[in-house]
Amino acid sequence: QLQLVESGGGSVQAGGSLRLSCEFSAYTSSNNCMGWFRQAPGKEREGVATIDADGDSSYADSVKGRFTISKDIAKNTLYLEMNNLEPEDTAMYYCVASRVYLVWCHISLGETDFGYWGQGTQVSVSS
């Protein structure tokens with residue numbers, strides 16, 4: 001049973017930066033696709049970024065060029081580096097991982113493709 005624990009959220013002003021971390025345990029090849037989702041108040045949950053076992057990543061259009069996803073398997077940690085933050089980035093951010101091996105790992109995957117979710121970490125960006 002993979003466990004995901006996020007940290008690093010907080011409050012920043014627009015233009016600022018944050019780095020989210022997600023520590024995971026019991027990683028197996030079935031968890032080859034990992035990523036970040038977010039949910040803003042009153043809005044549907046949306047994918048932010050994904051990364052596969054080879055390190056190939058994909059991003060939502062709204063964060064391309066500002067966010068970077070990475071992972072360090074030796075440290076059992078997934079990261080989301082967020083730069084030039086905007087008020088629209090305010091949301092609860094969730095770390096996710098696949099429960100079964102996914103042949104294709106991409107930002108267009110939906111929530112149901114990820115069987116493991118963290119508890120979330122809040123990011124608030126003020127203007």
Side-chain angles (χ1 to χ4, degrees):
Q1 182 83 0
L2 185 71
Q3 293 185 334
L4 307 170
V5 180
E6 304 98 331
S7 62
S11 298
V12 297
Q13 290 189 326
S17 299
L18 283 173
R19 187 175 79 159
L20 305 184
S21 298
C22 172
E23 293 187 34
F24 51 87
S25 61
Y27 177 90
T28 72
S29 59
S30 297
N31 315 124
N32 68 303
C33 187
M34 302 188 74
W36 293 89
F37 274 69
R38 68 184 181 185
Q39 187 167 23
K43 294 188 177 181
E44 293 186 355
R45 201 173 292 179
E46 63 175 353
V48 176
T50 60
I51 188 167
D52 68 14
D54 295 325
D56 293 329
S57 57
S58 63
Y59 299 89
D61 288 342
S62 58
V63 306
K64 279 182 181 176
R66 301 188 298 121
F67 290 13
T68 303
I69 188 171
S70 63
K71 64 181 178 180
D72 187 332
I73 293 298
K75 294 183 178 179
N76 283 1
T77 305
L78 180 74
Y79 302 100
L80 184 68
E81 186 75 35
M82 305 185 294
N83 297 313
N84 194 20
L85 283 161
E86 303 169 352
E88 293 74 21
D89 296 316
T90 295
M92 185 71 78
Y93 284 72
Y94 299 92
C95 174
V96 299
S98 57
R99 185 182 295 272
V100 297
Y101 182 85
L102 297 179
V103 175
W104 188 56
C105 181
H106 192 263
I107 192 60
S108 59
L109 293 175
E111 294 181 42
T112 56
D113 291 301
F114 298 95
Y116 293 108
W117 289 72
Q119 82 287 352
T121 186
Q122 179 68 39
V123 171
S124 298
V125 185
S126 58
S127 57

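Residues take their numbers from the sequence shown, with the count starting at 1.
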Residue of the set Thr121, Thr90, Asp89 for which side chain to side chain donor-acceptor pair (under 3.5 Å) holds with Arg38: Asp89
Go through it in stages, so that I can follow the logic: the residues are Met82 and Trp36, the test is side-chain contact (heavy atoms from CB on, under 4.5 Å), and I'd like the CA-CA distance, side-chain angles, deciding distance and then a yes or no. CA-CA 12 Å; Met82 305 185 294; Trp36 293 89; over 6 Å; no
Heavy-atom pair of closest approach, residues Asn83 and Glu81: OD1-OE2, 3.8 Å
Among the clusters formed by ILVMFWY side chains lying less than 4.5 Å apart, do Val48 and Phe37 turn up in the same one? no
Which word best sums up how the rings of Trp104 and His106 line up, parallel for under 30°, tilted for 30 to 60°, or perpendicular for over 60°? parallel
Please determine whether residues Val63 and Val96 belong to a single hydrophobic cluster, defined as Ile, Leu, Val, Met, Phe, Trp and Tyr linked transitively by side-chain heavy-atom distances below 4.5 Å. no
Given the rule that I, L, V, M, F, W and Y join up when any side-chain heavy atoms are under 4.5 Å apart, are Tyr79 and Phe67 in one cluster? no
Answer yes if the ring centres of Phe24 and Tyr116 are under 6.0 angstrom apart, and no otherwise. no
Is the Trp117 ring parallel, tilted or perpendicular to the Tyr94 ring (thresholds 30°, 60°)? perpendicular
Taking all non-hydrogen atoms of both residues into account, name the closest pair between Gly115 and Arg99 and its distance. O-NH2, 2.8 Å
Nearest 0.5 Å, please: how far is CZ in Arg19 from OG in Ser70? 7.0 Å
Between CG of Leu102 and CZ of Phe114, what distance do you get to the nearest 0.5 Å? 6.5 Å
Looking at CD of Glu6 and CE of Met92, how far apart are the two atoms once the value is rounded to the nearest 0.5 Å? 9.0 Å
Note, Leu20 side chain near Val123 side chain (heavy atom, < 4.5 Å): yes
Less than 3.5 Å apart, any donor N or O on the side chain of Ser7 or Ser21 sitting next to an acceptor on the other? no
Supply the atom-to-atom distance Ile51 CD1 to Ile107 CD1, rounded to the nearest 0.5 angstrom. 12.0 Å
More than 12 foreign heavy atoms under 6.0 Å from CD of Gln122: is that the case here? yes
Looking only at heavy atoms, the pair that brings Arg66 and Leu85 closest together is NH1-CA, 3.9 Å
Treat each ILVMFWY residue as a node, draw an edge where side-chain heavy atoms are under 4.5 Å apart, and state whether Val12 and Tyr93 are in one component. yes
Look at the side chain of Ser98 and the backbone N and O of Asp113, then say whether any donor-acceptor pair between them is shorter than 3.5 Å. no
Identify the two heavy atoms, one from Ser126 and one from Pro87, that lie closest to each other, and give their separation to 0.1 Å. C-CG, 4.4 Å
Give the cluster check for Ile73 versus Leu2: same hydrophobic cluster or not, with ILVMFWY residues linked at side-chain heavy-atom distances below 4.5 Å. yes
Between the side chain of Lys64 and the main-chain N/O of Ser58, is any donor-acceptor distance below 3.5 Å? no
Where is the tightest heavy-atom contact between Leu80 and Ala49, given as atom of each residue plus distance? CD1-CB, 4.3 Å
Which atom pair, heavy atoms only, marks the closest approach of Ala60 to Gly47? CB-O, 3.5 Å
How about CD on Glu23, more than 12 heavy atoms from neighbouring residues, nucleotides or ligands closer than 6.0 Å, or not? no
From CD1 (Ile69) to CG (Asp56), nearest 0.5 Å: 11.5 Å
Rounded to the nearest 0.5 Å, what's the gap from CD on Glu111 to CZ on Arg45? Could you check? 5.0 Å
